[in-house]
Amino acid sequence: MNYWLMKSEPDEFSFADLQRAAQPCRWDGVRNYQARNFLRSMQSGDLFLFYHSSCAEPGIAGVGKIVHEAYPDPTALDPQSPYFSAKASNEKNPWCAVDVSAAHSIARLIPLTELRQLNGLEALALVQKGSRLSVMPVTAEQWHIIAALF
DNA sequence: GCCAACGTTGGC
DNA sequence: GCCAACGTTGGC
């Protein structure tokens with residue numbers, strides 16, 4: 001089983017939204033090749049840290065799990081979608097999505113400022129200067145350091 | 001709202 | 001293939 005971290009703007013889709021959902025939710029709209037490649041590596045059952053970005057309190061809001069591996073992202077083909085991509089066609093869609101559900105809630109949001117202070121997370125792209133990667137792997141070691149705060 | 005840093009585009 | 005210009009991300 002692998003661990004991941006994925007960012008979402010809570011104004012768009014928050015961890016609470018995922019918890020409220022009756023069914024698995026599609027994690028779509030990823031339009032960066034490096035992030036896309038990580039989506040493709042995901043397996044059903046993997047856990048991920050649900051990170052809130054571009055908001056008043058950036059940080060980890062909860063834990064989700066992957067319930068369906070990567071498949072072509074339909075929003076890339078939808079001209080009405082903000083994630084529409086002229087590069088994509090039915091025959092050849094470079095973008096993909098996964099399905100996720102909430103795994104468990106955590107006692108409090110763990111702020112980015114606190115994550116930056118932890119030892120052992122230096123290699124995590126999230127805390128590296130200038131990094132904008134929205135989907136990234138988390139090692140078991142990194143996961144346990146963070147999970148100790150749940 | 002500001003701005004640093006990044007990824008992408010497109011001219012050459 | 002280089003690189004300047006541009007658009008986007010995302011913390012502050």
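Below, chains carry the letters A, B, ... as their sequence lines are ordered, and counting in each starts from 1.
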query: Would F50(A) and W27(A) satisfy ring pair (Phe, Tyr, Trp, His ring centres under 6.0 Å), going step by step from the backbone distance to the final call?
result: CA-CA 11 Å; F50(A) 193 123; W27(A) 197 283; 5.2 Å; yes

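Considering all non-hydrogen atoms of both residues, P137(A) and L124(A) come closest at O-CD1, 3.8 Å.
In summary, the side chains of D78(A) and Y83(A) do not present any donor paired with an acceptor at a separation below 3.5 Å, with no hydrogens or angles considered.
Under 4.0 Å is where a charged nitrogen must lie from a carboxylate oxygen, and between R31(A) and D73(A) at least one such pair does. In summary, R116(A) and E122(A) do not engage in a salt bridge, as defined by a charged side-chain N under 4.0 Å from a carboxylate O.
Listed in residue order, the members of residues 77-89 of chain A having a heavy atom less than 4.0 Å from DNA chain C come to none.
Although no hydrogens or angles enter the test, the distance criterion places no donor-acceptor pair under 3.5 Å between the side chain of E12(A) and the main chain of E9(A).
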query: Which parts of nucleotides 3-12 of chain C does protein reach within less than 4.0 Å, heavy atoms only, written one letter per nucleotide 5' to 3' as B for base, S for sugar-phosphate only and - for none?
result: ----BBBBSS

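Between W4(A) and F48(A), the ring center distance fails the sub-6.0 Å criterion.
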